[in-house]
Number of protein chains: 2
Amino acid sequence: MKQLSTGGIETLSLRALARELGVSHAAPLRHFSTKADLLQALAMDGVTQMIGSTAAATEELCGLERLRRMAEGYVEWARNNPAYHMVLRNPDVMRHASDALRQTLEDFARVQRKEIEVAQAQGWRSEERPQVLFVHLVALMAGSAIVATDPIYKAPVAQLLQPGDIDASLELFLRMPED
Amino acid sequence: MKQLSTGGIETLSLRALARELGVSHAAPLRHFSTKADLLQALAMDGVTQMIGSTAAATEELCGLERLRRMAEGYVEWARNNPAYHMVLRNPDVMRHASDALRQTLEDFARVQRKEIEVAQAQGWRSEERPQVLFVHLVALMAGSAIVATDPIYKAPVAQLLQPGDIDASLELFLRMPED
DNA sequence: CACCTCATGTAGACACCGACAACATACCCG
DNA sequence: CGGGTATGTTGTCGGTGTCTACATGAGGTG
């Protein structure tokens, strides 16, 4: 159906894609009726892959540890798939997300909320309101991925940002209080 | 020179801009030699304004309280200036940021790092490495602004996200441990 | 005043793009 | 066999960024 991320991309153009595949300029429109459709498909693909390499890979864990590994895995996925990550960062793409994409993201959020509950039952920040922890987690994951990948955020930190710093930052939030 | 944000925008086009101003299609190129130049100017404008309404407005504060107000102010600014915020979120724009823009951001980061030092001296997370706190702060601010403004992040939280939740989330990090 | 220069605006052209329509081809299934 | 569906092709349209050549006017200098 499609071989994505053929080259390091993101001046994506349907016509360039057609050229790359050696087909006529309008051929891609048979598969994606509009350019937004293509980006939708890429976003869905990216989200599926991201969830596959975070939530699924931590299925045997639970509670706080699972949350930490999920967050670390998310940042690592963003690092390893900058093209997909850029698509997911694009507000214009996500604003018109399909119902299926929204549903997938909601399922992912549900897992996070469930594990927050478990972690709280295990004594992690048990006095906090769960939705505040959830918002914090989501913001921290999204922001850490950006800091880890976007050159403009790397610049102000320059050499100061050592390899493990982002994981250490995630752990500031995702660790037991008595550690 | 320019009246920006004439309408709620971000299918920005030099020709549309020219039409809006009642000039010929190539006139804007006299002021911004390329479209990327225009976005650069917008980004610089946005960053200047953002810093003006956060760092400057908290000048009389210091340490932890200043950091908290800066973070809250940043999120509020993003909420109130979605168009500017979208420009600053765009990786393609920021990747080619001018030296002046980089310098401005670096100055902003310097203030944050200084206040982190002050806060640590006041007993806030004094055992942590400063750069880890800095990375955490930057990620949290960037992520919170996105969660606060991007519909795709609002959706999974739905009505669960109450007005004060994001501030409460920021406070999870930016508060004294004994509170 | 004459003259030059620079900033600004204009018109035209080019290549690229997304999208649409009309037509061709091939394949599957009743 | 025959028709429908999926896929691809060519051609076209309007829109866009950018370049070039040309106009015009303001300001300063001789």
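FYI, side chains are in, hydrogens and waters are out, and symmetry mates aren't considered; it's all heavy atoms of this structure. Sequence lines set the chain letters: A, B, ... in the order given, protein chains first and strands last, and positions in each chain run from 1.
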Separation of atom CZ in B/R30 from atom C1' in C/dA7, rounded to whole Å: 8 Å
Interatomic distance where CG belongs to A/L21 and P belongs to D/dT7 [whole Å]: 14 Å
Atom-pair distance (CG on B/L12; P on D/dT16), nearest Å: 11 Å
Touch class at under 4.0 angstrom, heavy-atom based, for A/S13 against every strand present: sugar-phosphate
Presence of donor-acceptor pair under 3.5 Å, side chain of A/H31 and base of D/dG8: no
Rounded interatomic separation in angstrom, taking CZ from A/R19 and C1' from D/dT9: 16 Å
Nearest-Å distance for atom pair CG/P, residues A/D37 and C/dC20: 11 Å
Within one Ile-Leu-Val-Met-Phe-Trp-Tyr cluster: A/W77 and A/L61, side-chain cutoff 4.5 Å: no
Phosphate OP1/OP2 of D/dG17: any B/T34 side-chain N/O under 4.0 Å: no
Check: B/P130 and B/Q120 side chains under 4.5 Å, non-hydrogen atoms: yes
Min side-chain heavy-atom separation A/V118-A/W124 under 4.5 Å: no
Atom pair distance, as rounded to whole Å: CG in A/L14 and C1' in C/dC16: 13 Å
Residue closer to the 5' end of DNA chain C, B/A27 versus A/L29 (nearest nucleotide): B/A27
Whole-Å distance separating the CG atom of A/L17 from the C1' atom of C/dC17: 13 Å
Note, A/E59 side chain near A/R66 side chain (heavy atom, < 4.5 Å): yes
Options D/dT12, D/dC19, C/dA21, nucleotide nearest the side-chain atoms of A/A26: C/dA21
Heavy-atom donor-acceptor pair, B/R15 side-chain to D/dT18 base, under 3.5 Å: yes
Protein-nucleotide distance (B/F32, atom CZ; D/dG17, atom P), rounded to Å: 13 Å
Spacing of A/T149 atom OG1 and A/R89 atom CZ [to the nearest 0.5 Å]: 5.5 Å
Residue whose nearest DNA chain D nucleotide is more 5′ - B/K35 or A/G22: A/G22
